[in-house]
Structure formats: structure tokens, C-alpha cells
K.L.:
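First the structure, which I've put down as C-alpha cells, then a few questions once you've had a look.
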2 protein chains.
Amino acid sequence: MATDRAREVYDYIQAYNARHGYAPKLREIASHLGISSRGVAHRYVRALQAEGLVHIEPDRARGIRLRKVKTSAPRTSSLPLLGRIAAGRPIEAIPGEDEIDLSEFFVNRERFVLRVQGDSMIEAGILDSDMVVVEKRETADNGDIVVALIDGTEATLKRLQKNRDGSVTLRPANAALSPLRLSATRVRIQGVVVGQFRSYR
Amino acid sequence: MATDRAREVYDYIQAYNARHGYAPKLREIASHLGISSRGVAHRYVRALQAEGLVHIEPDRARGIRLRKVKTSAPRTSSLPLLGRIAAGRPIEAIPGEDEIDLSEFFVNRERFVLRVQGDSMIEAGILDSDMVVVEKRETADNGDIVVALIDGTEATLKRLQKNRDGSVTLRPANAALSPLRLSATRVRIQGVVVGQFRSYR
DNA sequence: AACTAATGTTCTCATTTTGTTCTCAGGCAG
DNA sequence: CTGCCTGAGAACAAAATGAGAACATTAGTT
């Protein structure tokens, strides 16, 4: 909430609305604050509108409508999707899409999260200490990023390439590292990377 | 934490925030410490900011924001966290952590998602068509990745660097692109990137 | 329709409050 | 001693607050 006074105004509007079923006049708000100026009361209401807490029917008496219910922790797994951002242009709205649903990460297949250590996939945008969402599978397609177990002991994160002779090549996304070409019998795929995320904290 | 006194301030801000939903004024912090100087209280808060525990909205009343969110909330959005993966070793279990909580992305602040276009942050692991989670703010700290509006028209995603003379430099994470040094009046910060994710589909 | 009073809206102008930066001073440990 | 942490408080900058004028719109009333 913007300021102390704005908060008082919001609380008053809520209480008034609960009691009467409609919003107070600006003069009543001012009077409740102990001030004389309707203009000032209007400024506070406009601040509340800017925060999305309230809606104003222009020029209407008692034209204030409450927008949000005061629930403190409704956790949904969606966030507003504002649009695209690209260098050199204003943010462009994406029509038809106003929310991004992250629940795709939580679909009830066999999925788990791994914290990545090391830079082997850095050129694919997977950095050290990033999280990857892995779907449990024993097979994968060419070009998939997979969690592969080599010789039953070493687990690595690499891009998969199936060769004609039946062997597979595990390619790191890092020019400093070399691809590994291995016979199919030595490699067991444990899962495929279906997502990645990172938190800046 | 720097000093005992700074810790007291941090604890007080946390408690106050949990109780009221917003931060205390400097005068209230000083009073809680039993001192009379707002200047001293401000010095402690600035120390907390230097440690990254807190963010300050400059010149704003109650402009202190907690940076690390205590998520002791019910975890609706969680996935099993199996462990770490690194090249050349088996997956290593992480003791004490059996679930990864994604709800930090959905905390009750003003957040939204943008789809990134272009390669300007590619070396920071933010690729074309990735999603970034942005927290609405008008200010940011050095090194933060920000959504900045230049001259009120061009929106870009860059790393922020504040210069001593008051100007700011917007640094792309891409050697092929040049940093932009601009006077502070031309740049308006719209938000700070707090997360990033990508879906392989 | 014309008039009127009430209400909302937009301003500018002060004043108060709050945040910010600074210097100075005392206590205390190494 | 020097180098800290700590506190006081002055001086300034910016935000928050309040007053009130002027105008627009609405809702009645005649």
C-alpha cells in the first residue's frame, strides 16, 4: 500500500462498504481523515486505484468499487504474463494470453528436480547451480538434453545424439569440453530435461 | 550479519513486516533500539542493504523491502529434489532437502512474467524465448538484472550498474553488444528479474 | 429546457514528515 | 595509539500531506 494515509482510506472504504453496501463520498472520506479537502481524499483514492485495489467509476457519486479481497496468501501457480521484451522496443503485449501457468512443471508424471553442478551445459543456458526438471524415461530423442548414467556409476547432463552404428554421443554444451562417444550398452538414460529454472536471490 | 545491532534492526523489520505487511519508518526503528537518531537507524538499514538482506526504495516512506522471503508456507507447488548432478559423478543426494519449493516465484508481491526476445543476456543464461519473473520496482541494486525503460519508449533487459556520477550503465551479457551509459533521467527501472525458467517442448 | 446544488476532478501552493548524508564525539578492543 | 562500532544531531532533499480554488459532471427541481 502506498502510504499510511492511503491505507486508512482503504480500510475506511472497506468498512463503509460492509456497513452500507456502497462506497462513501469523498467528503465523507475527508471527514473521516479529519481533513477538509475533497481533492486530497480524491488523490488517495486515485493512489489506491493505481495499485489496483479499487476501481473508480468516473464522475459518479459514490463511484468507488473495491477490487481485491483482502486474502493474505492465495497461492496459485500462475503469474500475470505481461508480454514480450526485446531490445529496442517497448514491451509488446501478447494478445489472448494474460497468465502464464507454471503448473506444467508439476504435472503428475514422474518428474524430479536436480541442481546442476558445473558448466558442461553452459552454452545451452544451463548454468552452475541452476535447477533442471527431469522427466523419468529410459529413452529419448535425438537432441534431447538427458540425464545419462555411464557404466552404471557416473551421471551426467548432456545432449543426446544417436549414431547409425547404434552407439551414442553425449555432447556437452561447452566448447571447452569434448563429446563422449560410447557404445549403447554403457549408457543408460535416466530421464529427459523438460524444464529449467533459476532464482536470483 | 555485520553487527549485533544490525541484526536487531533486521529482526525488528521482519517482525514489523509480518505484523503489519509493510516496513517500519526509520523513526520507529530508532525508537525500538532506544536511540533518538534517524540517521543512525538509516546507517544500519544501509548496512543490511549492502549485505543483500534488504532493499531500499530511495526517499520513500517505509521504503524498506525484505529480500529473502521466509517461505514456511504450505508447499503446493513442489517437486521432489533428488540431488545434484555433475559431470563425472553419480547423482549425489542432498541431505535434509527432499523437496524443492517453487512457491517463491508466487509470493504475494507484484510480479509478472516476460518472454525474452533476443540474445542480449545470453551469457547470463537467459536465452531467446526464455521466461523471466520480474518483481515490480522503481529502483534496483548494483548488479541486478533489470527491466529498464529508456526515454520512456524502449524497454530492455540488462544488468544494472550505477556510476559514481549518477549516471547508469546498462550492460548486456553478450560480448557482441555494447554497454549503454545513460544519464539517470533517461532510464526508468520497471522491475528486477528474480527468476527465470524455460520449458523444453 | 433551464437552473441549482452536490459531487467528482484537476490544479497549485504551502507545511509537515520522512529519508539521506554528513560531521562530531565517546567507548572499547587489539 | 589506531581502528571499529555506536549514538547525537544538524542540514538538506524528497515525499507525504493538507488547503482550497476552479472547473466538469451528475442528479434533481422548477
Side-chain angles (χ1 to χ4, degrees), chain A residues 1-13 16-17 20 22-51 53-67, chain B residues 1-13 16-17 20-51 53-66 136-142 162-166 183-185 187-189:
Chain A
M1 189 96 59
T3 69
D4 288 359
R5 230 41 180 146
R7 207 179 341 266
E8 279 185 60
V9 170
Y10 183 70
D11 291 344
Y12 176 67
I13 295 171
Y16 193 105
N17 211 300
H20 299 90
Y22 47 83
K25 302 187 245 189
L26 290 179
R27 169 165 297 168
E28 293 175 307
I29 294 174
S31 156
H32 176 260
L33 292 175
I35 63 180
S36 69
S37 165
R38 282 173 297 146
V40 172
H42 185 263
R43 189 206 287 149
Y44 289 128
V45 175
R46 215 186 323 147
L48 293 174
Q49 183 181 38
E51 290 185 73
L53 294 169
V54 125
H55 170 77
I56 302 177
E57 302 276 347
D59 293 321
R60 288 301 168 85
R62 303 184 186 279
I64 306 168
R65 307 279 174 265
L66 290 167
R67 288 200 74 163
Chain B
M1 190 94 58
T3 69
D4 289 354
R5 219 57 171 136
R7 172 176 294 280
E8 275 185 66
V9 171
Y10 183 68
D11 291 345
Y12 177 66
I13 294 171
Y16 194 105
N17 211 301
H20 299 92
Y22 45 86
K25 304 186 229 188
L26 290 180
R27 169 166 300 168
E28 293 173 310
I29 295 174
S31 155
H32 176 259
L33 293 175
I35 63 180
S36 70
S37 166
R38 282 174 298 149
V40 174
H42 185 263
R43 191 203 288 149
Y44 288 125
V45 175
R46 214 184 324 146
L48 293 174
Q49 182 182 34
E51 291 186 74
L53 294 170
V54 125
H55 171 78
I56 302 177
E57 298 280 344
D59 295 321
R60 286 300 168 90
R62 303 183 186 280
I64 305 169
R65 307 278 174 266
L66 290 168
K136 263 188 208 171
R137 285 221 222 116
E138 294 176 10
T139 61
D141 298 324
N142 247 332
K162 298 177 182 174
N163 302 317
R164 298 192 147 199
D165 61 4
S183 70
T185 54
V187 178
R188 214 175 74 226
I189 291 171

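So that the names make sense, note that chain A is the first sequence line, chain B the second, and so on, each numbered from 1.
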K.L.:
A/Arg38: what forms a salt bridge (charged side-chain N to carboxylate O under 4.0 Å, His left out) with it, not counting sequence neighbours?
P.N.:
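A/Arg38: no salt bridge (charged side-chain N to carboxylate O under 4.0 Å, His left out) contacts found.
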K.L.:
For every nucleotide of nucleotides 9-22 of chain C, 5' to 3': is a protein heavy atom under 4.0 Å from its base (B), only from its sugar-phosphate (S), or from neither (-)?
P.N.:
BB-------BBBB-
K.L.:
Begin from the C-alpha positions of B/Ile64 and B/Leu48 and carry the test side-chain contact (heavy atoms from CB on, under 4.5 Å) through to its verdict.
P.N.:
CA-CA 10 Å; B/Ile64 305 169; B/Leu48 293 174; over 6 Å; no
K.L.:
If you find the nucleotide of DNA chain D closest to A/Leu33 and the one closest to B/Tyr44, which residue's nucleotide is nearer the 5' end?
P.N.:
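Result of the comparison: B/Tyr44.
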K.L.:
Of all nucleotides in DNA chain D with an atom under 4.0 Å from a non-hydrogen atom of chain A, which is the first and which the last going 5' to 3'?
P.N.:
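Counting from the 5' end, contacts occupy D/dA16 to D/dT26.
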K.L.:
How would you list, by chain and number, every residue that makes a ring pair (Phe, Tyr, Trp, His ring centres under 6.0 Å) with B/His55, sequence neighbours excluded?
P.N.:
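B/His55 satisfies ring pair (Phe, Tyr, Trp, His ring centres under 6.0 Å) with no other residue.
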K.L.:
For B/Ser37, what residues pass the side chain to side chain contact (heavy atoms under 4.5 Å, CB included) criterion, not counting sequence neighbours?
P.N.:
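Side chain to side chain contact (heavy atoms under 4.5 Å, CB included) list for B/Ser37, sorted by chain: B/Val40.
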K.L.:
Which residue pairs satisfy the side chain to side chain donor-acceptor pair (under 3.5 Å) criterion with at least one member in residues 24-35 of chain A, sequence neighbours excluded?
P.N.:
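Residue pairs with at least one partner in residues 24-35 of chain A: A/Tyr16-A/Glu28, A/Glu28-A/Arg62.
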K.L.:
Could you work out, with salt bridge (charged side-chain N to carboxylate O under 4.0 Å, His left out) as the rule, every residue matching B/Glu8, not counting sequence neighbours?
P.N.:
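By the salt bridge (charged side-chain N to carboxylate O under 4.0 Å, His left out) rule, B/Glu8 matches B/Arg5.
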K.L.:
With sequence neighbours left out, write down each residue that passes salt bridge (charged side-chain N to carboxylate O under 4.0 Å, His left out) with B/Asp141, or none if nothing qualifies.
P.N.:
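Testing B/Asp141 for salt bridge (charged side-chain N to carboxylate O under 4.0 Å, His left out), a comparison that skips the adjacent residues, returns B/Arg67.
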K.L.:
B/Asn163: which residues meet the side-chain hydrogen bond (donor to acceptor under 3.5 Å, both in side chains) condition with it, sequence neighbours left out?
P.N.:
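Partners of B/Asn163 under the side-chain hydrogen bond (donor to acceptor under 3.5 Å, both in side chains) test: B/Gln161, B/Ser167, B/Thr169.
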